[in-house]
K.L.:
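The structure under discussion is supplied below as structure tokens; questions concerning it will follow.
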Amino acid sequence: MEIVVCVKPVPEAETRLRVATDGTALDPEAVKFVLTGYDESAVEQALLLKESVPGSKVHAISYGPAPRTEEVLRAAIALGCDQATWIDSGAAPATDPVDVARALAAAIRPVPHDLVLLGKQAGDDEEGVVAAALGELLEVPDFGFVVDLRWDAAGSRFKFRRASEAGLESWEAPTPLVVGLQQAWNDPRTAKLPAILKSRKAPIAKVTAAARSAEAARSRSVKFELPAPRTGAKLIEFKTPQEAAEKLVKVLREEAKVFP
Amino acid sequence: MSRRILVIGEPSAGGHLSGASLEAVGAALRLGGGAASVAGFAAGSTAAALAADFARVGVAEVYLTEEPRLDSAPLAGFVRAVATAIAESKPDVVLVGGTTFGRDFTGRCAALWNAAAATGVTEVTESDGGLRFRRPVFGGRATETREVEGGRAVLALRPHAFPLPAEAPVASKPHPIPLPELPPVLLAPHRAGVEAVTTGSGPALGDASIVVSGGRGLRAPEHFHLVEELAASLGAAVGASRAVTDAGWRPTSFQVGQTGRAVSPQLYVAVGISGAIQHIVGMISSRVIVAINSDASAPIFKVADYGLVGDLFQIVPALTSEVKRVRGIA
Amino acid sequence: MPDFSLTPEQESLRDLARKFARTEMAPHAAEVDRTARFPEEIYRKAYDLGLMNLNVPTEYGGSGLGVFDQCLIVEELAYACGGMTTSIIANCLALEPIILGGTPEQKERFLKPFCAEYQFASFGLTEPSGGSDAGALHTRAQRDGDHYVLDGEKCFITNAPHATLYTVFATVDPSLRHKGITAFVVPRTAQGVIPGKDEDKMGHRASSTGTVRFEGVRVPVANRLGEEGAGFSLAMRTLDQTRTPIGALATGIAQAALDHAAAYSLKRQTFGKPIAQHQAIQMKLANMAQAIHAARLLTWHAAWKIDRGERGTLESSIAKCFASDSALDVANEAIQTFGGYGYMKDYPVEKLLRDAKLTQIYEGANEIQRSVIARELLRAYE
């Protein structure tokens with residue numbers, strides 16, 4: 001099976017957010033970009049499928065600027081991906097998710113892809129749009145919020161479950177398929193030290209992103225704000241548990257107006 | 001400038017327009033400046049019922065694809081039908097509720113329609129003739145305002161961020177839309193079934209307007225009922241910190257946090273949760289946060305709006321009785 | 001000129017160690033310290049990730065890292081738990097004599113099967129009658145045909161109760177003093193190898209330390225590393241390689257102490273403001289930060305020299321000595337910053353003091369390091 005897994009360099013979870021001087025984006029200064037949660041789950045899923053379906057290959061693809069994009073691809077290789085393609089966005093990567101999907105689709109179309117895996121959303125912009133947009137652009141069915149995915153060799157189809165408001169939907173689908181993966185159902189592996197060293201020397205194919213579509217609408221960030229620091233809880237003074245309960249219910253009703 | 005808006009109708013389990021879709025109508029009425037500029041879209045076997053629900057809140061014009069195959073087909077088919085409705089109704093903006101359906105819909109629809117796309121939108125405004133929207137990013141640790149260039153946009157709204165529309169019944173004006181011919185590959189997947197997930201007996205975590213979560217401070221699984229009883233009295237969903245789900249007190253479907261579910265209810269009550277960053281990012285965008293913890297230096301008090309420092313084993317039962325009392329529950 | 005900006009490769013190694021330390025080690029550090037349990041499940045994971053036999057060349061199944069890269073990893077591990085780190089890196093010390101003094105055949109025979117599985121090796125130099133005076137050791141190795149017969153006792157041996165392989169230093173003739181010392185590779189399975197009980201230690205309680213007795217242990221001549229009498233030099237060259245990472249270990253403990261103290265100082269209020277706003281605390285934090293920065297740079301500089309092929313005895317002694325003395329001071333000041341809470345076992349800093357203390361003692365007590373430093377230094381004036 002030919003599996004493409006799309007990954008994105010995202011600031012580490014512990015990153016202290018700062019606003020860039022133009023006020024429209026995160027200040028990337030001193031930010032460490034890594035392969036994060038949802039994408040780690042997607043890579044893990046790709047590797048699990050590769051291990052269960054003989055003859056499979058996993059091709060990691062990422063869109064973005066140097067050097068962070070190459071770094072997440074090396075991380076994907078260290079985890080076990082066979083091949084990597086870096087779509088060089090130049091210094092100002094597209095931020096509209098459909099533009100990103102177009103760049104990915106252009107790179108995926110010419111390579112074999114029975115399955116395209118992504119994290120259901122990136123940990124920074126949290127759009128969750130790219131997988132579905134890719135499905136449309138590649139003319140392939142897509143499913144987001146997928147929690148587990150197996151290949152049923154006898155039936156030549158994927159079997160998977162998808163989280164929705166109704167519960168867990170069970171689906172069956174042949175190739176080709178685009179899947180956006182929910183985080184944390186699988187336990188992503190950690191790359192081992194020898195694999196990390198080896199990944200430094202692995203070849204990474206580089207393609208340059210095409211100019212953005214002229215007829216498409218898109219959005220651009222005009223303001224990036226951090227919330228005013230929460231000043232800390234207003235502590236409710238009380239002598240008895242009953243008093244605590246009464247006072248809390250009162251403020252929730254009268255001050256916060258959230259009490260039903 | 002008035003804009004034409006198409007609201008995508010998603011059926012709830014009962015076959016009626018979902019709460020998330022109604023919120024989208026609420027947002028559309030505000031943005032479009034009135035019902036005249038808002039149209040609805042409904043598909044599947046319950047399309048007619050959805051059209052009636054649209055009419056009940058003032059949306060007369062509804063594009064309908066009464067095609068039962070769309071009930072369990074992949075979204076690709078649904079989106080093709082929407083594309084036909086878009087071609088007829090010529091909207092500037094397509095709005096959809098921020099459910100799992102809405103979020104998957106957004107990417108496909110925007111790619112097909114060459115539109116800008118965004119999810120998790122909490123505010124949509126006009127600015128100098130341009131369309132702007134706001135959305136939390138980085139797990140609610142920052143907010144981004146974006147401007148649409150080129151007119152068209154598909155926006156999925158964050159649950160509970162927009163008001164429900166008032167009742168304003170009008171006569172429905174349905175426009176039937178045939179399901180276009182679809183490439184077979186798009187219809188190949190099929191749904192084999194749906195199983196309900198155990199998220200407790202109350203509402204589901206993701207769309208509850210109140211969430212009560214328990215953490216390690218409860219000390220043992222047999223004390224978790226304190227959280228559940230408080231949640232029941234409030235009509236709230238039950239959540240848990242990772243410490244609780246890791247220890248196996250409750251299944252991981254209860255987990256609120258970076259590796260679990262992100263929630264943004266009107267009210268979030270954290271019981272015995274110290275407030276590790278991984279938990280905070282999953283609940284920080286709640287409107288009002290209440291923390292109950294015996295440790296006054298617990299980081300949860302930094303992000304909470306109201307805090308009760310004390311013994312949760314005494315406070316929580318007292319709170320449950322007080323809530324029941326004021327809500328008139330025996 | 002040394003350039004201490006890390007390469008992407010070094011950053012990814014450090015990230016691996018950091019992730020392992022914070023997710024696998026740190027959550028268990030307090031419990032393991034309290035119970036003095038030897039957390040095999042954590043060590044096994046460290047082995048699986050390639051964090052255990054860092055210095056063994058890759059052709060023999062190790063990670064093949066230089067001293068600088070080892071230091072990056074060791075500092076991260078020690079940030080989470082000094083004791084676990086000691087047990088995780090003890091194989092490096094035990095295997096270094098084979099790496100430095102073994103024939104290709106011996107490396108193939110000992111290192112390859114050893115590294116292929118999760119297991120421990122121990123470095124047997126110190127004896128009950130004295131540790132740092134290595135020339136005066138009592139363990140005897142008497143030649144008997146194509147074997148040596150080993151008799152004696154080693155003490156304070158890291159991981160000794162769990163080891164499957166020992167590198168043992170014994171004398172073929174005590175009258176020769178250090179010229180009689182000879183190194184051997186002794187498998188745990190050899191008849192007469194008797195590991196003793198686990199010592200109950202002040203710190204590094206996740207690590208295991210014990211005695212090993214050798215009672216008429218027959219060791220094939222083929223297990224001798226180098227010539228008879230070459231053992232002392234081999235031991236010293238081994239310690240030249242492994243001393244610097246101990247500096248990194250101490251630096252990791254110190255960094256943890258500073259991080260705890262700084263975070264606490266912003267939270268804890270006295271006289272109406274966070275104690276971080278009191279100069280008394282600011283001076284402490286500044287001094288701690290200076291000591292840590294200096295320790296780290298000394299360690300990196302020594303490692304850089306050694307990786308260039310220099311012996312680095314002076315630099316590694318200075319790094320180890322300074323970093324370990326600093327770690328004790330920094331941990332001590334961290335406790336002081338916490339006040340009464342710092343003295344309580346519910347808070348993480350008292351453990352750091354107990355763990356830091358050992359770094360002044362093991363792998364050559366700091367008194368020996370100072371003698372070495374003085375000797376190297378005076379040479380320039382003679």
Side-chain angles (χ1 to χ4, degrees), chain A residues 13 17 37 96-98 101 124-133 135-137 139-142 144-145 163-174 183-184 215-227 230 232-236 241-242 244-246 248-249 251 256 258 260, chain B residues 13 74 76 99-100 103-104 106-108 110-112 114-120 137-138 141-152 183 186 188-197 204 207 259 266-267 288 291 301-310 314-315 318-319 322-323 326:
Chain A
L17 303 181
D96 188 284
V98 187
D124 51 357
D125 63 33
E126 303 182 330
E127 288 280 15
V129 164
V130 174
E136 187 57 42
L137 297 165
E139 292 213 53
V140 167
D142 77 278
F145 305 91
S164 76
E165 283 67 21
L168 281 178
E169 302 172 357
S170 304
W171 286 84
E172 297 183 0
Q183 187 183 10
E215 66 264 33
R218 57 181 52 86
S219 71
R220 65 178 178 94
S221 176
V222 290
K223 201 174 196 185
F224 184 87
E225 300 162 89
L226 302 179
R230 288 205 182 222
K234 185 167 166 183
L235 294 183
I236 294 170
Q242 285 69 30
E246 283 162 24
L248 178 64
V249 169
V251 294
V258 285
Chain B
T99 57
T100 56
R103 297 180 60 138
D104 278 357
T106 301
R108 236 181 212 280
L112 189 60
N114 267 332
T119 62
V137 292
F138 288 97
R141 292 193 292 145
T143 312
E144 190 181 48
T145 305
R146 299 181 70 90
E147 189 167 272
V148 177
E149 297 174 337
R152 302 177 298 275
L186 293 184
H190 84 273
R191 190 163 73 190
V194 183
E195 48 179 300
V197 197
D207 46 35
T259 53
Q266 293 293 304
L267 173 62
V288 175
F301 288 116
K302 287 226 173 74
V303 299
D305 299 285
Y306 300 102
L308 289 170
V309 178
Q314 292 187 22
I315 295 172
L319 188 56
E322 175 66 7
V323 170
V326 301

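Below, chain A is the first sequence line, B the second, and so on; all start at residue 1.
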K.L.:
Tell me which of these, B/Ile315, B/Val309, B/Val148, B/Thr143, has more heavy-atom pairs under 4.5 Å with chain A than the rest.
P.N.:
B/Thr143

K.L.:
Quick check on B/Val288 against chain A: is it the side chain, the backbone, both or neither that has a heavy atom closer than 4.5 Å?
P.N.:
side chain

K.L.:
Has the side chain of B/Asp104 got a donor or acceptor atom that lies under 3.5 Å from a matching backbone atom of A/Gly144?
P.N.:
yes

K.L.:
How many angstroms lie between CZ in B/Phe138 and CG in A/Asp125, if you round to the nearest 0.5 Å?
P.N.:
8.0 Å

K.L.:
Return the set of residues passing side-chain contact (heavy atoms from CB on, under 4.5 Å) with A/Arg220 (not counting sequence neighbours), or none when no residue passes.
P.N.:
A/Val222, B/Glu147, B/Glu149

K.L.:
Counting only heavy atoms closer than 4.5 Å, note whether A/Ala131 contacts chain B via side chain, backbone, both or neither.
P.N.:
neither

K.L.:
Give the minimum heavy-atom separation between B/Arg146 and A/Asp96, together with the two atoms involved.
P.N.:
NH2-N, 3.6 Å

K.L.:
Please step through side chain to side chain contact (heavy atoms under 4.5 Å, CB included) for the pair B/Thr145 and A/Glu225, ending with a clear verdict.
P.N.:
CA-CA 8 Å; B/Thr145 305; A/Glu225 300 162 89; 3.9 Å; yes

K.L.:
Non-hydrogen atoms of chain A under 4.5 Å away: do they reach the side chain of B/Ala76, the backbone, both or neither?
P.N.:
neither

K.L.:
Can you say whether B/Ala117 sits under 4.5 Å from chain A via the side chain, the backbone, both, or neither, judging by heavy atoms?
P.N.:
both

K.L.:
Can you name the nearest heavy-atom pair linking B/Pro189 to A/Pro174, along with the distance?
P.N.:
N-CD, 4.3 Å

K.L.:
In terms of heavy-atom proximity below 4.5 Å to chain B, should A/Leu248 be classed as side chain, backbone, both, or neither?
P.N.:
side chain

K.L.:
Which heavy-atom pair separates B/Ala118 from A/Glu127 by the least distance, and what is that distance?
P.N.:
CA-OE1, 3.2 Å

K.L.:
Contact part of A/Ala244 toward chain B, heavy-atom cut-off under 4.5 Å: side chain, backbone, both or neither?
P.N.:
both

K.L.:
Which pair of heavy atoms, one from B/Ala115 and one from A/Val98, lies closest together, and at what distance?
P.N.:
O-CG2, 4.0 Å

K.L.:
Under a 4.5 Å cutoff for heavy-atom pairs, which residue among B/Pro74, B/Ala318, B/Gly193, B/Gly150 has the most contacts with chain A?
P.N.:
B/Gly193

K.L.:
Using 0.5 Å steps for rounding, measure from the CZ atom of B/Arg152 to the OG atom of A/Ser219.
P.N.:
13.0 Å

K.L.:
Looking at every non-hydrogen atom in both residues, tell me the closest pair between B/Gly107 and A/Val129 and how far apart they are.
P.N.:
CA-CG1, 3.5 Å

K.L.:
Heavy atoms only: give me the nearest A/Ala217-B/Gly151 pair and the separation to one decimal.
P.N.:
CB-N, 4.3 Å

K.L.:
Let me confirm one number: the NZ-CG distance from A/Lys234 to B/Asp305, rounded to the nearest 0.5 Å.
P.N.:
10.0 Å

K.L.:
Using non-hydrogen atoms and a 4.5 Å limit, figure out which bit of B/Pro183 sits close to chain A: side chain, backbone, both or neither.
P.N.:
side chain

K.L.:
List the residues meeting side-chain contact (heavy atoms from CB on, under 4.5 Å) with B/Gln314, not counting sequence neighbours, and say none if there are none.
P.N.:
A/Pro241, B/Asp311

